[in-house]
Number of protein chains: 2
Amino acid sequence: MRLKKKSGYHHGDLRRTLLDVSVATIDKHGVDALNLRELATRAGVSSGAPYHHFADRAALLAAIAEEGFGYLEAAMIRERDAAPDDATSRLAALGRAYVSFATAHRGHFRVMFRGDLIGGDSPELVQAQPRVFQLLWDAVEDCQRSQVAPAGDLQPLVLTAWSAVHGLATLWIDGALPYKNLNPERLAPIVSNLISHMFAALAHNPASRTRSSRRQSTVRR
Amino acid sequence: MRLKKKSGYHHGDLRRTLLDVSVATIDKHGVDALNLRELATRAGVSSGAPYHHFADRAALLAAIAEEGFGYLEAAMIRERDAAPDDATSRLAALGRAYVSFATAHRGHFRVMFRGDLIGGDSPELVQAQPRVFQLLWDAVEDCQRSQVAPAGDLQPLVLTAWSAVHGLATLWIDGALPYKNLNPERLAPIVSNLISHMFAALAHNPASRTRSSRRQSTVRR
DNA sequence: GATCAATCTAAGCATTGCTTAGTTTTGCGA
DNA sequence: TCGCAAAACTAAGCAATGCTTAGATTGATC
């Protein structure tokens with residue numbers, strides 16, 4: 001990953017090269033290992049050149065995050081539309097796409113939720129995340145309409161589904177899972193299985209209304 | 001958070017002070033904002049002093065992570081033992097404790113899973129995480145024994161439970177949840193509800209065997 | 001009371017993010 | 001085609017920060 005410059009002085013597509021080299025570095029060594037001077041050297045330019053394409057390091061990372069959300073959204077839509085045409089299958093497909101994206105694009109994923117690094121100023125980035133979230137929200141709502149998710153407040157359901165896939169992706173990427181035998185291929189069916197049955201099972205369990213307003217009447221005043 | 005030195009030259013308990021000030025800074029501004037020189041100034045010592053207590057920045061962060069795992073383990077045990085004496089309630093208590101810890105000790109939690117920062121060398125740290133994991137594992141196993149979790153391979157069940165609480169905690173801490181009305185108090189019942197019913201419901205759903213060996217016989221050769 | 005280890009200070013080196021001033025190239029209108 | 005303004009890049013350097021080194025101060029132990 002050291003895309004060379006073509007002519008002498010002008011690089012040709014330095015912005016693209018910087019993004020690619022950065023993502024590869026972050027994938028291999030983490031965000032903190034990304035060094036703008038070394039990055040410039042690897043891209044074949046001087047250390048000041050990147051600043052003509054990105055205001056600062058945070059802006060570079062924000063661009064990576066934005067790109068990542070774009071890829072993620074596309075992958076989720078693709079998998080969802082390729083899934084069988086029932087609400088549960090489509091939600092499961094979204095979950096699988098989420099985890100698959102994280103494991104396959106570690107470099108992007110490692111940046112996408114680091115609000116502390118990228119300082120959520122970029123307007124494109126601010127809009128990218130809610131779009132992904134909306135996909136999930138709509139799918140859960142479909143499950144509810146199809147009565148394969150419990151009635152009631154949608155928020156806890158969406159939160160549960162998102163947390164499960166996000167947690168799995170995060171733990172995997174951080175290398176926190178104490179399983180040696182766990183590769184990304186084995187992750188997908190776990191997600192599938194989880195999502196497919198979780199809401200369906202909950203829907204038939206009368207105790208699982210999700211409104212949090214189950215205060216006991218004795219406590220009420 | 002600027003514990004002063006008592007006498008003139010020697011601080012008294014610099015190590016403790018460094019940890020406390022660090023955690024407070026990380027809680028407020030993130031790990032990347034932690035600056036050893038400013039840290040030293042805040043603790044009232046010169047910029048070289050911290051290196052007599054921590055080999056480098058990574059070692060300081062590792063100490064914070066280790067401390068965090070200790071607190072987390074204690075909180076989980078406390079909540080579990082205070083819960084009603086059935087497997088489901090105890091697992092739910094573990095989950096609540098996990099999320100509560102994360103929101104209440106953001107400074108610690110932000111470091112605990114950043115293997116890229118702390119370089120997993122410290123032997124105490126290496127042992128701390130599996131202990132927490134074991135708590136979860138045992139609780140899920142109890143659920144299985146009590147038949148409130150599906151039979152079969154335990155790994156996907158543990159993974160699901162852990163992912164859900166870890167994801168919720170992570171999303172919350174990263175400020176990624178697009179809910180304005182969501183405070184830590186509202187998180188706890190969501191976790192409780194999720195954990196309490198997830199496995200129980202799954203246990204009665206015959207399609208949810210967790211062994212991933214459900215290849216169709218037609219594909220088998 | 002002397003000695004030694006632990007703790008701390010002062011000073012400085014190397015790395016890295018970013019800026020500034022000037023150079024080279026490209027694109028575009030006259 | 002010419003000329004010029006904007007874009008892209010280089011070279012040099014400042015400031016912040018992690019870490020090291022040499023030496024000063026303190027507290028503990030015999």
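Because the structure is a prediction, the values reported are computed rather than measured. Lettering of chains follows the sequences in order, A, B, ..., and the numbering in each one begins at 1.
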I need the minimum non-hydrogen distance between A63(B) and L19(B), along with the two atoms involved. CB-CD2, 4.0 Å

5' to 3', nucleotides 16-22 of chain D under a 4.0 Å protein heavy-atom cut-off (B base, S sugar-phosphate only, - none) gives -BBBB--

Rounded to whole angstrom units, what separation is found between the CG atom of L39(A) and the P atom of dT16(C)? 12 Å

Under-4.0 Å side-chain N/O to phosphate OP1/OP2 contact, H53(B) with dA6(C): no

Quick one: side chains of residues 91-111 of chain B, donor-acceptor pairs under 3.5 Å with protein atoms, not counting sequence neighbours, listed by atom name and distance.
unit_1, atom_1, unit_2, atom_2, d
R96(B), NH1, S192(B), OG, 3.2
Y98(B), OH, W162(B), NE1, 3.1
Y98(B), OH, H166(B), ND1, 2.8
S100(B), OG, R96(B), O, 2.9
T103(B), OG1, V99(B), O, 3.3
T103(B), OG1, S100(B), O, 3.0
R106(B), NH2, D27(B), O, 3.0
R106(B), NH2, D27(B), OD1, 3.1
H108(B), NE2, E67(B), OE1, 2.8
R110(B), NH1, I26(B), O, 2.9
R110(B), NH1, D27(B), O, 3.0

Output the rounded distance in Å from CZ (F54(B)) to P (dC8(C)). 11 Å

Return the value, rounded to whole Å, for the distance between atom CZ of R15(A) and atom P of dC9(D). 13 Å

Sorted by chain and residue number, the side chain to side chain contact (heavy atoms under 4.5 Å, CB included) partners of E73(B) (sequence neighbours excluded) come out as I77(B), R131(B), V132(B), L135(B)

Non-neighbouring partners of D56(B) that pass side-chain hydrogen bond (donor to acceptor under 3.5 Å, both in side chains), sequence neighbours left out: none

The side chain to side chain contact (heavy atoms under 4.5 Å, CB included) partners of A75(B) (sequence neighbours excluded) come to R78(B)

Return the set of residues passing side-chain hydrogen bond (donor to acceptor under 3.5 Å, both in side chains) with T25(A) (not counting sequence neighbours), or none when no residue passes. R42(A)

